[in-house]
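To start, the structure itself, in structure tokens.
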Protein chains: 2
Amino acid sequence: MADPSKPARSEDNGPPAKRGKPTLRTIAEITGLAVTTVSRALAEAPQISADTRKRVREVAIEIGYSPDRAAQRLKTGRTNVIAVLLDPHEEILGYGTSIMSGIAKALQGTSYHLIVMPNFLNSTNVEAVNYITRNSMADGLIFSRTEPLDPRVMLLSEIGFPFVTHGRTELSTPHAYVDYDNFTFSYQATRRLIAKGRRKPALISGPADFTFAGHLQHGFMTAVREAGCAYEILSGIDLDSPAGDIRDRVRQRYGEPDPPDSFMCGGEVCALATITGMSDCGLTLGNEYDIVAKQTSHLLGAIQPQVETIYEDLTATGEDMGRVLLQRIGGETDVGKLQLLLSPQIPANW
Amino acid sequence: MADPSKPARSEDNGPPAKRGKPTLRTIAEITGLAVTTVSRALAEAPQISADTRKRVREVAIEIGYSPDRAAQRLKTGRTNVIAVLLDPHEEILGYGTSIMSGIAKALQGTSYHLIVMPNFLNSTNVEAVNYITRNSMADGLIFSRTEPLDPRVMLLSEIGFPFVTHGRTELSTPHAYVDYDNFTFSYQATRRLIAKGRRKPALISGPADFTFAGHLQHGFMTAVREAGCAYEILSGIDLDSPAGDIRDRVRQRYGEPDPPDSFMCGGEVCALATITGMSDCGLTLGNEYDIVAKQTSHLLGAIQPQVETIYEDLTATGEDMGRVLLQRIGGETDVGKLQLLLSPQIPANW
DNA sequence: TGGCCAATTTAAAACGTTATAAATTCAGCA
DNA sequence: TGCTGAATTTATAACGTTTTAAATTGGCCA
């Protein structure tokens, strides 16, 4: 059967070390150790003597070894990848970029890489989540635009796949999240309008689907009820609406009776659109009306400093999400450590 | 249809099919073919009979098979990954998100995934490029903020690693790029200002490092020279400057002799900052001065419609870059097909 | 019927890593 | 000296895929 003399079989000690990238075997050949030992040594396994570990480490650095991720992944089943669901929206200035920079910062120095799954592929991005988990494309998942009964959260919780949401749900099963305290933001911002003497604030809230819209509304309502003043939640538009629509709606509203005298805007684009709409009606900011807005850039401060703003640092948020996810992947189960509610920084002069 | 699920013990045909994800072997066991054959069949190899191919394909779909990327990558050396260098800048509205959405769109339906390498740490992101190529993290690379003698381009060209830049270089070795024709944009925009009767346009250009800054400047200069009018290139600021700095600089300039009477702005944030600065001096847009700007969102149209704008579609740009990169990876060497210069859409009423 | 070539299918090896189990060394002690 | 057990190191076998080379089938013709 088997011919003893096989063709092209190299005589010496296995195949010649490939000219390409160094592998564990390269190190093994240099040090005279077995591949297994080298692998263990680099993993700092206690069963390998300190001497050997040191020598292996040195050689590895010297020849510029870095492990093949594909092989590791194949063997261990772990991908060393974090996936983030990207929404192609840009109504919140710099949202995607900031979040991703932040996550990447948290991942820096770890073996994790960041992959982007844009979710326009799938109308409901449950499909994207399914795709990622089924094909084990990542070890963890990050996404935003969280809904109170978010189907993605239910799915991932059920199968025990690590994830962190930007925003909370109202589900009973706890899960990792990082959220901005939009209730407090909205409450304080609305109080500020009232403190300035305004008697009928209007809220331009987030799309009703998302949990944070409810928080904004709750904070707003709490403030107006406390003050016992009139209020309005502007219908027909939300923070996702194109700036032109917001402008039109604001202008239109002023043609009707009992218009609001101030606005609580969830984002800077919304604030700018509102200002323009009011300006169309001949009204000046700080004079006939006021605006308080959340900003995620520093644009308003430079362009419309009359708008009172609270800054939300999305890069820091991303970094938090990355950190939390790593903890979760690392096996942390104490939800106390996996749930972060970031406090708005209320300006000192309010 | 599905037979009753197999009992916990398997017969004598090798190890029990793992309960987990289906692999080639699962299909092999079901069809009675060899793993090799299944692999070939799924690759639509002509040496496999059409009958077999069809049967294998059907079974694959039925059991929801999808190939293990780690194994493919390990074996073939191809990663099926495209990397994009992300700049944490957001002076250009929605830049990162739009570009990435576009790339992802181009990658849709292919086996490629998109990974993000943020380059905030490495001042020159040559290091990031090195990291990606040395560790074969991707099959192709996309980046922007291209410089005339871009070291990344030189490096990648030298080692023959597929890449596409957003923007051109002035290197003699040709390479794949997608660029917006900033010369034409700038030329036409400046002509527009002059056609409106302005006699001293000012340019706020990109950071001098980047190639496109030169193109903007060249277009601007061509127009003012043709018209024989005065001009100014605003010093001390550029499109990367914070909005506040631009505002301050514009205001300051108006305190000095011979101020410009119009502006050519490369982005909408710059335009807004300029308007604010002029407003500080009591000047009104469309009255004492005019602005033409490039916009990458639809913000200006809603907020400051008096600004004349040319729209640059960054999502489409990303999609082009993705497509071009796939061609390049596919072996296309005809640079004619790998170099795209996108024409500005000049408004009809200019 | 046998032979030969083409058409299919297959077995075995390999990619680089880690997990499992086994082997080797070596000191301590009776 | 010989035994024991701890401390190290090692061989072997995977992970799921593709590649290389070989084997099997079948058709056709002499």
Side-chain angles (χ1 to χ4, degrees), chain A residues 1-3 5-10 13-29 31-56 60 63-80 111 135-137, chain B residues 13-29 31-56 60 63 65-80 111 135-137:
Chain A
M1 292 279 266
D3 197 327
S5 60
K6 291 203 172 179
R9 183 85 169 105
S10 96
N13 48 357
K18 295 265 292 278
R19 181 163 303 279
K21 299 178 289 286
T23 74
L24 285 182
R25 201 168 87 199
T26 319
I27 301 180
E29 279 165 7
T31 58
L33 293 164
V35 169
T36 310
T37 311
V38 175
S39 172
R40 287 247 157 79
L42 288 175
E44 293 296 336
Q47 27 182 332
I48 303 297
S49 77
D51 270 4
T52 307
R53 292 210 294 261
K54 180 155 173 285
R55 189 155 51 100
V56 167
I63 67 176
Y65 168 80
S66 86
D68 184 303
R69 310 185 105 233
Q72 285 182 317
R73 177 166 163 179
L74 176 57
K75 184 61 180 135
T76 65
R78 291 196 4 217
T79 64
N80 277 316
S111 58
N135 300 23
S136 47
M137 298 297 330
Chain B
N13 52 353
K18 295 272 288 282
R19 181 162 302 280
K21 299 178 292 283
T23 74
L24 285 183
R25 199 167 88 199
T26 319
I27 302 181
E29 279 166 7
T31 57
L33 293 164
V35 169
T36 310
T37 311
V38 175
S39 172
R40 287 245 157 80
L42 288 174
E44 293 295 336
Q47 25 180 334
I48 303 297
S49 78
D51 270 4
T52 306
R53 292 211 293 260
K54 179 154 172 288
R55 190 156 47 102
V56 167
I63 67 175
Y65 168 80
S66 86
D68 183 303
R69 311 187 102 232
Q72 284 182 316
R73 178 166 162 180
L74 176 59
K75 185 62 182 133
T76 66
R78 289 194 5 214
T79 65
N80 278 316
S111 58
N135 300 23
S136 48
M137 299 297 330

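Chain identifiers are assigned alphabetically (A, B, ...) following the order of the sequence lines, protein sequences preceding nucleic acid strands; residue numbering begins at 1 within each chain. Everything numeric in this text was worked out from a predicted model, so none of it was measured.
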Are [X] and [Y] side-chain neighbours, meaning at least one heavy-atom pair lies under 4.5 Å?
X	Y	answer
Ser111(B)	Gln72(B)	no
Thr23(B)	Asp68(B)	no
Leu24(A)	Leu42(A)	yes
Ile27(B)	Tyr65(B)	yes

Fill in: Closest contact, heavy atoms only, Leu74(B) versus Ala71(A)
CD1-CB, 3.9 Å

Item to complete: Looking only at non-hydrogen atoms, find the nearest pair between Leu33(B) and Arg55(B) and report the distance.
Response: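 Looking at all heavy atoms of both residues, the closest pair is CD1-NH2, 4.1 Å.
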
Please report the distance, rounded to the nearest Å, between [atom1] in [X] and [atom2] in [N].
X	N	atom1	atom2	answer
Arg78(B)	dC15(C)	CZ	P	19 Å
Lys75(B)	dC15(C)	NZ	C1'	5 Å
Ile27(B)	dT17(D)	CD1	P	8 Å
Leu33(A)	dA11(D)	CG	C1'	14 Å
Asn135(B)	dG16(C)	CG	C1'	14 Å
Arg73(B)	dC15(D)	CZ	P	20 Å
Arg25(A)	dA14(C)	CZ	C1'	10 Å
Asp68(A)	dT17(D)	CG	P	17 Å

Discussion item. Taking any heavy-atom pair under 4.0 Å as a contact, classify Ala34(A): base, sugar-phosphate, or nothing.
Written reply: sugar-phosphate

Worksheet item: Using a cut-off of 4.0 Å on non-hydrogen atoms, how would the nucleic acid contact of Thr36(B) be classed: base, sugar-phosphate, or nothing?
Response: base

Worksheet item: Starting at the 5' end of DNA chain D, which residue's closest nucleotide do you reach first, Leu24(B) or Arg55(A)?
Response: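 Nearest-nucleotide comparison on DNA chain D picks Arg55(A).
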
Discussion item. Does Arg78(A) have more than 12 heavy atoms from other residues, nucleotides or ligands lying within 6.0 Å of its CZ?
Written reply: no

Fill in: Sub-4.0 Å heavy-atom contacts from residues 37-52 of chain A onto DNA chain C, ordered by number
Ser39(A), Arg40(A)

Practice prompt. Examine dG16(C): is either OP1 or OP2 under 4.0 Å from a nitrogen or oxygen in the side chain of Gln72(A)? Give yes or no.
Written response: no

